[in-house]
Structures are given as C-alpha cells and as structure tokens.
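In what follows, a single structure is set out as structure tokens and then discussed.
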There are 2 protein chains.
Amino acid sequence: MWVQVRKTVSCRACPLAKFNHFRAFSDEELAFVSGFKTGELVADRGTTVLLEGSDSAHLYTVLDGWGFRFKTLNDGRRQILNYLLPGDLVGLQSSLLGEMQHSVETLTPMTLCVFEREKMPVLFEKHASLGFDVTWIAAREERILDEHLLSIGRRSAIERAAYLLAFLYRRAKMLNQLNGQNAIPLTQQHIADTLGLSIVHTNKTLRKLADKKMIAWRDRGCAVLDFDGLSEIAGWTEAPSTNRPFI
Amino acid sequence: MWVQVRKTVSCRACPLAKFNHFRAFSDEELAFVSGFKTGELVADRGTTVLLEGSDSAHLYTVLDGWGFRFKTLNDGRRQILNYLLPGDLVGLQSSLLGEMQHSVETLTPMTLCVFEREKMPVLFEKHASLGFDVTWIAAREERILDEHLLSIGRRSAIERAAYLLAFLYRRAKMLNQLNGQNAIPLTQQHIADTLGLSIVHTNKTLRKLADKKMIAWRDRGCAVLDFDGLSEIAGWTEAPSTNRPFI
DNA sequence: CGCTTAGTTGAGTTCGTTCAACGACTGTGG
DNA sequence: CCACAGTCGTTGAACGAACTCAACTAAGCG
C-alpha cells in the first residue's frame with residue numbers, strides 16, 4: 001500500500017520544474033530545498049495518506065497524481081474540501097497548528113516529496129523567500145476554499161457541478177494530469193461529497209450535463225468536453241494568477 | 001463613513017496584548033511591527049472596508065469590532081465566508097495574490113491597524129518569526145474554512161445554525177466582543193447568507209433553537225444561552241489550539 | 001406619524017433526498 | 001471458463017426539506 005523510496009529524484013531535476021507556470025528557484029534556494037527534502041513517497045490509488053486526528057511528523061509536496069482532502073462528521077457524512085494536484089503542499093495545517101483536522105486520500109497512484117516539519121522554522125529563518133512562498137501557497141488554498149464555499153452555499157446543483165468540473169479540468173489540464181481518456185479520475189460519489197449533494201441527485205445532475213454534451217464518463221473518470229459551456233452555466237471566470245511558487 | 005486616524009495607539013500598548021491567548025512579541029519584534037504599522041482606521045457599522053475586484057495597497061489587523069468576508073455571484077446571491085474579529089488579518093490574500101476576490105464589510109464600528117503591503121517581503125526577510133506567524137494565521141483561516149465547508153456541505157439546517165452560533169459565540173466570548181446584551185451583532189440575513197439558506201427558512205430554523213431556549217434575539221443580535229446544547233446539536237467539538245500569534 | 005428595517009408566520013411549490021431496483025463492467029476463485 | 005461478488009453508473013417513484021410568495025408585527029427614527 002505504501003512504499004517509501006529513497007531520494008531517487010534530485011531537486012535539480014524536479015518534475016514540477018518543467019511546468020512554466022511555476023516560479024523557478026535560485027541556485028541557493030535549490031540547495032536548501034534539496035537538504036530539506038528527506039525522500040519520496042509513493043502511494044497506491046485509494047491510500048489514506050494522512051488521517052484526521054493524527055499528528056504527522058511530515059510535510060509533503062505532491063509531485064505526481066491526484067488526491068483529495070476531506071472531513072467527516074461522527075455519523076460518517078463526508079465532505080471533500082479540495083483536490084490535490086502536483087505542486088500542492090500537504091499537511092501544512094498540522095505542521096503549524098498541531099494535529100490534523102482533515103484526512104487525505106489518493107485518487108490515483110501518487111508521488112510525494114517528503115519534508116521534515118521540524119525544519120520549517122529553519123526554512124523561514126534562512127530563506128525568507130521560501131517562507132514567503134509557503135505563505136503564498138496557503139493564501140492560494142484559502143482563496144480556493146472561498147470559491148468552493150460560495151459554490152456550495154449559493155449555487156444550484158447544476159451550477160455547482162459545472163463549476164467543480166470546470167475548475168478541476170482547468171487545473172488538471174495545466175498540470176498534465178488528465179488520464180488516458182482525457183478524464184478527471186473520480187467517481188460520482190466523490191463529486192457528490194464535494195458538492196454536498198446525494199449521489200442520486202448528483203447522478204441526475206451530471207446526466208443533464210452529459211446530455212448537453214459538456215461532459216462524458218469514460219474509463220473511471222469524467223471527461224470535460226465543453227469547458228466554456230460549463231464555465232457559463234456556473235457563471236464562473238477564473239481569477240487572474242501570476243506565476244505560482246512551490247516548495 | 002471612514003476616518004483615518006494617525007498612529008494614536010502605540011504597538012507597545014496594543015489592545016490585543018491583554019488577551020492571554022495571543023502570543024507575546026519580543027522587544028525586537030515589537031520595534032519592527034511599530035515601524036510596519038502606518039496608522040489606524042476606524043470604520044462605521046455597515047462600511048465596505050475592502051471590495052471584490054479592487055487592489056488595495058494595505059493590509060490590516062482588526063483591533064476591535066466585528067466584520068465579515070463575503071463573495072457574490074453575478075445575480076447578487078451572497079455567501080458570507082467567515083467573520084472577522086480582533087487579531088484577524090484582513091487582506092492577506094490580495095497582498096500576496098493580487099486583486100481581492102472577496103469583499104469585507106463591518107457589522108459594528110471597527111478599528112483596524114494599517115500596514116503597507118509593500119513591506120511584507122521585508123517582514124519575512126528581517127523577522128522570520130513574524131513571517132512564520134503570518135503563515136500560521138493563514139493556516140488557521142484555512143482550517144476554519146474547512147470546518148465551514150463541512151458544515152454547509154453536510155449538515156442539516158438546524159445543525160448548521162447551531163454550529164455557526166456556537167463557533168461565533170466561542171470566538172467572541174474569548175475576545176470580549178459580545179455586545180451589551182451579551183449578543184452576537186448580526187441579523188438573520190447574515191446568518192442565512194452564511195449557512196447557504198433562504199432567510200425564511202433560516203428564521204424558522206432559528207425559531208426552533210429559540211424555542212429550545214438555546215438562543216434569543218436581543219438588541220440587534222443573537223444571544224447564545226446554551227453553548228453546550230448548540231455544540232451537541234451540531235456534533236461539534238472545537239479543535240485544540242495553542243497560543244495564537246497576531247501581527 | 002409615516003417610513004424603514006428586522007423578525008415572524010402560513011401556503012403552495014420546487015429541488016433534492018431516500019428507497020429500491022437494475023445493467024454494465026471488473027476482478028476472483030472454483 | 002463460468003459463477004459470483006463488488007463497484008459504479010442509471011433510473012423511477014414517493015417523500016421531505018428548503019424555497020418563493022405574500023402578508024403581518026414590532027421596533028427605531030426622522
């Protein structure tokens with residue numbers, strides 16, 4: 001289920017560097033980050049990487065694959081909070097605030113870059129620019145959560161679904177994380193738990209989008225056929241963004 | 001509507017320092033923050049402090065009073081994202097990511113501490129501990145948004161209302177921000193826009209809580225009479241927290 | 001005293017839920 | 001190679017939670 005791998009990939013050859021929307025490191029930063037990294041982790045599909053209530057000693061950056069963050073109520077009701085894609089920082093909350101308040105599970109096999117959370121203060125101390133980047137990443141996550149909150153709170157079922165799929169498609173496309181069939185690797189249950197809807201109604205809602213030829217189900221995933229159409233239904237236009245940092 | 005006041009209160013006599021759940025500054029930090037601060041702002045009740053789409057040059061910390069962050073859809077549907085209380089940082093997102101993606105409005109008269117956002121990099125450069133604190137604050141906001149997302153997505157109307165009021169009461173009590181009647185200063189419209197419900201249904205839901213003697217409406221606000229009862233309905237227990245920083 | 005704001009309540013409608021069943025596909029063990 | 005269980009998507013029917021529309025009360029204020 002879990003495989004811990006030794007430092008196989010040097011930070012110099014970080015797979016994220018090839019995406020030009022990430023900001024580049026200076027040589028100095030690269031040297032520090034290389035030391036900050038303690039290894040890599042490879043997780044199968046369906047693995048619980050972090051568990052609510054636990055107190056992980058690690059901090060991760062996703063290098064490849066899909067995952068999601070979620071919380072559950074006592075009786076099992078689940079809410080997916082956000083999805084994880086390459087470049088996303090995992091476990092920052094618990095690194096700073098203590099025990100995890102949400103869980104993390106993978107949707108595909110995932111490769112993670114592992115850092116020791118004890119070294120965080122050193123990062124801020126010695127490399128202010130990287131500390132700034134961590135804050136930037138946290139602020140970005142906050143902004144995404146704001147959008148999701150607006151969506152769940154105020155959009156209708158079909159608008160929510162359209163927003164979510166447009167949002168995920170955009171991110172995934174940019175990071176080359178669509179599967180062989182050009183699809184987003186999740187089930188209708190995941191979508192239901194993200195939108196705050198029942199699985200039956202989610203199915204009927206997605207059917208409407210499929211009937212409009214905006215999406216299609218293929219190969220364990222959802223293919224987006226009409227990004228503009230979805231954006232229009234959702235009334236959504238993406239916020240402008242500058243080059244994003246990663247650690 | 002707006003009043004810009006010169007630096008009337010020295011950081012040495014910061015009104016937030018009296019709350020012992022905030023972490024104390026070192027002398028060195030205090031000196032820097034004093035320079036970072038450019039003044040104070042006093043806003044009336046109902047003032048729009050920051051507007052979605054704008055690009056403010058400032059960053060604020062709430063010193064006194066209540067406010068809220070919100071987003072709206074094109075047709076006017078409004079979603080309240082979170083509430084602002086003393087110690088909260090306002091405008092961090094736009095400081096780092098560019099233009100504001102949400103608005104901020106006051107619920108009571110509010111005093112804000114004003115910083116120049118251009119100086120943020122200097123803060124990270126010269127005072128790593130403060131940079132770390134900013135990240136901490138961002139991570140805390142993220143955690144709160146996670147909770148709200150769970151609530152709106154998966155709790156029933158009465159559970160949502162109970163959660164929100166318990167949550168706000170807890171925060172307000174700790175910061176001594178309940179009004180004369182011991183009430184939270186908001187209207188049912190605010191609650192509706194936070195819970196993602198219509199105002200009519202919000203009213204009927206709050207009525208049920210009032211009938212159970214858990215809350216009461218007084219003096220333009222909602223008084224919490226039975227915190228434990230609300231927590232139980234919501235199935236909510238607060239996450240443990242350490243001393244929190246502020247800037 | 002009329003005007004506005006905020007909370008309350010009833011009636012009818014709509015959106016989303018629950019229950020239940022079924023088909024397509026995948027993987028597994030006899 | 002087939003039987004079987006498990007997962008995932010699909011659909012219909014009945015129900016219920018939340019919505020809209022509409023009207024009314026109480027309090028605050030010029």
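Numbered from 1 within each chain, the chains take letters A, B, ... in sequence-line order.
In the set D/dC8, D/dG12, C/dT8, D/dG12 carries the atom at the smallest distance from any side-chain atom of A/K204. The side chain of A/S156 has C/dG16 as its nearest neighbour among D/dG9, C/dT9, C/dG16. Nearest to the side-chain atoms of A/R207 among the listed nucleotides D/dG12, D/dT10, C/dG16 stands D/dT10. Taking the side chain of B/V200 as heavy atoms from C-beta on, and the options D/dA22, D/dT11, D/dC19, the nearest nucleotide is D/dA22.
When rounded to the nearest whole Å, the span between CG of B/L195 and P of D/dA17 equals 17 Å. Following rounding to the nearest Å, A/L186 (CG) and D/dG9 (C1') show an atom-to-atom distance of 14 Å. Following rounding to the nearest Å, B/L206 (CG) and D/dA18 (C1') show an atom-to-atom distance of 14 Å. If you measure from atom CD1 of B/I191 to atom P of D/dA18, you get 16 Å, rounded to the nearest angstrom. One interatomic measurement links the two molecules: NZ of B/K208 to P of C/dT9, which rounds to 13 Å at whole-angstrom precision. Between the NE2 atom of A/H201 and the P atom of D/dG12 there is a distance of 14 Å, rounded to whole Å. One interatomic measurement links the two molecules: CG of A/D219 to P of D/dT7, which rounds to 19 Å at whole-angstrom precision. The CG-P distance, from B/L197 to C/dT8, rounds to 16 Å in whole Å.
When the side-chain nitrogen and oxygen atoms of B/N203 are compared with OP1 and OP2 of C/dG7, none of them lie within a distance under 4.0 Å. Side-chain nitrogen and oxygen atoms of A/Q188 include none within less than 4.0 Å of the OP1 or OP2 phosphate oxygen of D/dT7. Contact annotation: A/Q189 does not reach the phosphate of D/dG9 (side-chain N/O to OP1 or OP2, under 4.0 Å).
Between the side chains of A/N82 and A/E141, at least one donor N or O sits under 3.5 Å from an acceptor N or O. Residues B/H190 and B/T187 have side chains that bring a donor and an acceptor to within less than 3.5 angstrom of each other.
To the nearest 0.5 Å, the span separating CZ on B/R155 from CG on B/L150 amounts to 5.0 Å.
Using a 4.0 Å heavy-atom distance criterion, A/G221 is classed as making no nucleic acid contact. If you check every strand for non-hydrogen atoms under 4.0 Å, B/I199 touches nothing.
The aromatic rings of B/Y83 and B/F68 sit tilted relative to each other, their planes meeting at an angle between 30° and 60°. Using bins of under 30°, 30° to 60° and over 60° for the plane-to-plane angle, the ring pair B/Y163/B/W236 lands in the perpendicular bin.
Mapping A/S198 and A/R220 onto DNA chain C by nearest heavy atom places A/S198 closer to the 5' end of the strand.
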